[in-house]
Amino acid sequence: TSLQAAAYLFTTRLALGLGGAIGGFFGDKVGRRLSILIGLLFQITMTTIALNCYSISLYILFHTLNKIAFGLILPLAQTLSLESCPSAKRFLVKVTFGYTGCAGLIFGAFIGRFYEHYGWRNIQLMVTLPCYIAYLIFLYLDPSPRHLLVKGRQKEAEEVVTKILKRNGCVVDEVVLAKEVETKEKAGSYKDLFKHGLARHSYKLMYIIIMKGIFASTFYISLPYLLGTKTKSETINNTNAPDNCYSVNSRAQDNLVTAFIPDLIINPGLLVLAQWFGRRKAISAAMALSCLSFFLATLLNFSSSMFSLMIGTALATQGAGRGVIMLYVSELYPTTLRGVANGMIWVTHDAGSLIAPFFAEYVILFAPRVFISAAALAMGISAIVAMRLDTETLNKSLPASIADMSDNKKEIVNI
């Protein structure tokens, strides 16, 4: 039923958010790479068990646990990659993440065409194989030198930096890093995200992300109806489509061009702008363009190609904007809290997504222009809020602690 479908998506988004919260905590406490390896092992185990379940209830249980593991891995993988590259190259890392995400969604839509021939178990096994490859890659990768330094493991951090330099063609005999950082805040403390002058950043970022989660997720679910490819009844009963890329009629295939392809263009373009003009301006520009696209969509016929273009542009811009926000968050918050900061963004986005299936069922399908207008207004406010963020992080070194931020930037004062 439509309510069951909405409840299923609600549970999935809740699991992803919970995974992000857990991953952020353990990433700051015990290390990024170790937490990722544990998450990958857990994900592989849960998927293997789910493949051998013949009870739909047990399958959903283990599939939900799999989503928790996925939610744990992704923000920590981004944190680890950004902590191990030069300041000027961080935007390139985010471009790569954006491309791989889009490529995965497009591949998911493609393999759906083999669903009836091979069956869902074989398809599920096929899409799990990258987890095994990722596990081997993360076994090879070095831990975050910044996290090691904050934990007082200076010798290990220097060895990791030496390896990184040698891999990049720099001939060095020995690397000497700054002494270990003294911190007053607790590593992995969500409470400290809203203390020491950080609250004004956290609340503004949470507002932008939760608005993106609500409206983007609702439009992804309802897009088949708005574009005229499905009836209201078909769309409502396909509410779990964002989590189902195996059906030939899934949302992933219905909206491949309008939802995914624009992201391949807008994502790198926005991140290049973030490198030229700054992170805050890029976030604000993304929200402003999304606002303009939603507004123009309200003036168009739903069946027109321009309507598809406007909605697709709005969604792609929001997706690219989230990439810049994740980059900004990783650069803004100190190493002691970087994991939980990314976890906070992950949780906040999925908190917005929790409402989406119910909005799709009871609001947008029956008053679409009103909802699109509300999306335009929310994105306009988000653009203003983004410009009110206090700190620009472009090409600045990553802070190790809140005290480090205070000493170097003079914008955050300990309370």
Side-chain angles (χ1 to χ4, degrees), residues 16-17 20 23-24 70-71 73-85 87-106 201 204-217 219-220 242 259-291 293 312-333 338-339 341-350 352-353 379 382-383 385-387 389 392-395 398:
L16 286 169
F70 180 74
I73 294 165
L74 193 56
L76 284 183
Q78 297 186 57
T79 300
L80 176 61
S81 63
L82 291 171
E83 286 182 337
S84 304
C85 69
S87 300
K89 303 296 183 183
R90 291 187 202 122
F91 81 103
L92 290 176
V93 174
K94 286 303 302 177
V95 169
T96 304
F97 268 100
Y99 269 131
T100 54
C102 292
L105 290 169
I106 292 172
H201 298 282
K204 291 171 185 176
L205 290 165
M206 286 175 68
Y207 168 80
I208 296 171
I209 284 291
I210 201 168
M211 290 297 105
K212 189 267 181 191
I214 292 172
F215 290 101
S217 298
F219 277 108
Y220 274 132
F260 299 154
I261 299 301
D263 210 0
L264 295 175
I265 301 170
I266 294 175
N267 177 68
L270 189 64
L271 283 160
V272 169
L273 287 177
Q275 187 65 11
W276 286 349
F277 300 107
R279 314 320 193 196
R280 293 182 304 164
K281 290 181 180 178
I283 297 170
S284 183
M287 298 301 109
L289 180 56
S290 182
C291 169
S293 300
T313 300
L315 295 177
T317 305
Q318 287 190 34
R322 184 186 180 188
V324 182
I325 290 172
M326 295 293 285
L327 175 61
Y328 179 77
V329 166
S330 295
E331 294 176 333
L332 173 67
Y333 290 91
R338 192 167 294 122
N342 278 310
M344 172 196 72
I345 296 301
W346 202 252
V347 170
T348 305
H349 179 270
D350 287 309
S353 301
M379 293 305 105
S382 296
V385 171
M387 287 304 297
L389 293 169
E392 178 53 61
T393 61
L394 175 61
N395 290 334
L398 299 181

Please find the pair of heavy atoms, one from [X] and one from [Y], that lie closest to each other, and give the distance.
X	Y	answer
Gly321	Leu270	N-CD2, 3.6 Å
Met287	Ser382	CG-CB, 3.8 Å
Val347	Gly20	CG2-C, 4.5 Å

Atom [atom1] of [X] and atom [atom2] of [Y]: how far apart are they, to the nearest 0.5 Å?
X	Y	atom1	atom2	result
Thr393	Leu327	OG1	CG	6.0 Å
Lys281	Leu394	NZ	CG	10.0 Å
Leu82	Glu331	CG	CD	7.5 Å
Ile210	Ile214	CD1	CD1	5.0 Å
Arg279	Met326	CZ	CE	14.0 Å

Sub-3.5 Å donor-acceptor pair from the side chain of [X] to the main-chain atoms of [Y], do we have one?
X	Y	value
Ser290	Ala286	no
Ser284	Arg280	no
Arg338	Ser330	yes

Using side chain to side chain contact (heavy atoms under 4.5 Å, CB included) as the criterion, list what pairs up with Val329, not counting sequence neighbours. Leu205, Ile325, Tyr333, Ala341, Asn342, Ile345
Does a sphere of radius 6.0 Å around NZ in Lys204 hold more than 12 heavy atoms from other residues, nucleotides or ligands, not counting ones at 6.0 Å or beyond?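 Check passes, neighbour count above 12.
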Hits for side-chain hydrogen bond (donor to acceptor under 3.5 Å, both in side chains) against Gln78, two or more places apart or cross-chain, chain-then-number order -> Lys94
